[in-house]
Amino acid sequence: MNNNVHPPSIDKLLNLEECKTILDEFGHDLVVDALRLVIEALRQQDNIPPALTIISKAHQMLMQWSAPTLVPLVNATGVILHTNLGRAPLSEATLKEINHTSLSYSNLEFDLDTGKRGKRALHAEKLLTLITGAESAYVVNNNAAAVLLVLTALAKHKRVIVSRTQMVEIGGGFRVPDVMRQSGAKLVEIGTTNRLHLYDYENALQEPATMVLCAHHSNFKIMGFTSEPSLSEICEISHSKDVLVFHDLGSGALLDTAKYGLAHEPTVQESLLAGADVISFSGDKLLGGPQAGIIIGKKDLLDRIKKHPLARALRPDKLCLAGLSATLSSYLRGKAEQEIPIWNMLSQSLDEINARANRWKTIVMQGEIIDGRSMVGGGSLPEESLPTRLLALPIKKPTLFLKLLREQPIPIIARIEDEKVLFDPRTVFKSQDEYLSGRLKSLVENWDR
Ligand SMILES: *Cc1c(COP(=O)(O)O)cnc(C)c1O
């Protein structure tokens, strides 16, 4: 029986033996804060629980406060570059390099030859020029920053010609026209929403301009009565007027996606060959590395970009540079498909996926294996998908089940179609197979069907 009307004092609770563990773990001040909050909440109730319960509630609160909010999870959605789920997972080699260089001091801005100050920009630059054949390269925080920097450094107060077919919003607030305005560039719009002709460029180039911006459509596709000149045609006509071409490539594929039964995503190398003077792309889309914005192109233009004051504000950290170098090294050695997770997922055979889905089903003892499609995501290849095999669980109240999946120790993200909960092995790491199928088995068993 417990008929306390007043909660115990904080001092009394602190002196209890049971409080010792949390005091050791979280320190006096934080424990007092937690106890105070728990007691505050209890004042509304008639019955005050025993001291032990109060301490245990405070403990829960303290654990919640101190737990990281960014946690790993299982992506069973089949969307390979899921922007909400952190885009590209990193390769083992990338992680190793990040660990290795960040657990101690490094030569981030130190020249080991001369013993003098070195350049941070140098670190991924060499690999980028080797892989792409570009004269020069520079890395910033993300591609949105790259676009802003290129436009600000090369085209502030100058006319920049851009097509209405490319006035895209990427998501997360990145809109091509807004970023252009922010950079101080003067936007010259040409073409219509669905059609752009070479003569649109010719007409606009009658007046002096500094740059033509070509932005990749990224996450949308225009269909029907459409046309756009090729990048090489645009480069030719722009160069004849001494106007430079900046290609915001978006995804930055270094390998050909057509090899995997997808549409062809323009590659960085093709953009260079077509004659683009400056090209920018993301590090964590089809490149499969850490978040970064990569700028490559002509040396004189890159030198101006690197010297711009904004470059300092947008500079990447050492973890990014270490990781990006390791990811790029996989491409240089021709090992990207084996080593980089997203290419691994793209190149997984249907047989292998089918076998994994069937193994899950055997363990879960529920559901069926059905045909489905995996998406690339990440603002690349809209409408494009890869054939896959899915574990489909017919389940009552599927939305509630999805919530339960998200509440697991390692949250599981799945999707619903036709009242069934679907799980795509393509985006689940093989090392997560056992966890996923084991969890599903026990959750399904206990689900009121
Ligand atoms: C994704 C994308 C961006 C933004 O890149 P982040 O790395 O997300 O900042 C800019 N332009 C295009 C065309 C894109 O696809």
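Here the structure is a predicted model, which is why all the values come from computation and not from measurement. Basis for what follows: all heavy atoms, side chains included, without hydrogens, waters or symmetry-related copies. Note that ligands are numbered from 1 as they come in the structure, with each ligand's atoms numbered from 1 the same way.
Taking every non-hydrogen atom of His216 and a distance limit under 4.0 Å, the qualifying atoms of ligand 1 come out as 13 (C).
Residue contacts with ligand 1: Ala144 is placed with a nitrogen or oxygen under 3.5 Å of a nitrogen or oxygen of the ligand (distance criterion only). For a threshold of 3.5 Å applied to N or O pairs, the pair formed by Ser282 and ligand 1 contains at least one separation below that value. An N or O contact shorter than 3.5 Å is missing between Ser251 and ligand 1 by distance.
A cation-pi geometry, defined here as NZ or CZ lying under 6.0 Å from the six-membered ring centre and within 45° of its normal, does not hold between Arg117 and Phe110.
A donor-acceptor pair is defined here as one N or O able to donate and one able to accept, closer than 3.5 Å; no such pair exists between the side chain of Arg87 and the backbone of Gly288. The backbone N or O of Met375 sits nowhere less than 3.5 Å from a side-chain atom of Ser385 that would complete a donor-acceptor pair.
Centroid-to-centroid, the aromatic rings of Phe423 and Trp360 stay 6.0 Å apart or farther.
Among protein heavy atoms, the minimum distance from atom 8 (O) of ligand 1 is reached at Arg87 NH2, 2.8 Å. In terms of protein heavy-atom proximity, atom 11 (N) of ligand 1 is closest to Asp248 OD2, 2.7 Å.
Within a 6.0 Å radius of CD in Glu109, more than 12 heavy atoms belonging to other residues, nucleotides or ligands are found.
Of all the listed residues (Gln166, Glu169, Lys285, Gln291), Lys285 holds the heavy atom that lies closest to atom 14 (C) of ligand 1. Looking at Val147, Asn143, Leu148, it is Asn143 that brings a heavy atom closest to atom 10 (C) of ligand 1.
Taking the six-membered ring where the residue is Trp, Phe26 and His59 present perpendicular rings, their angle passing 60° and hence far from 30°.
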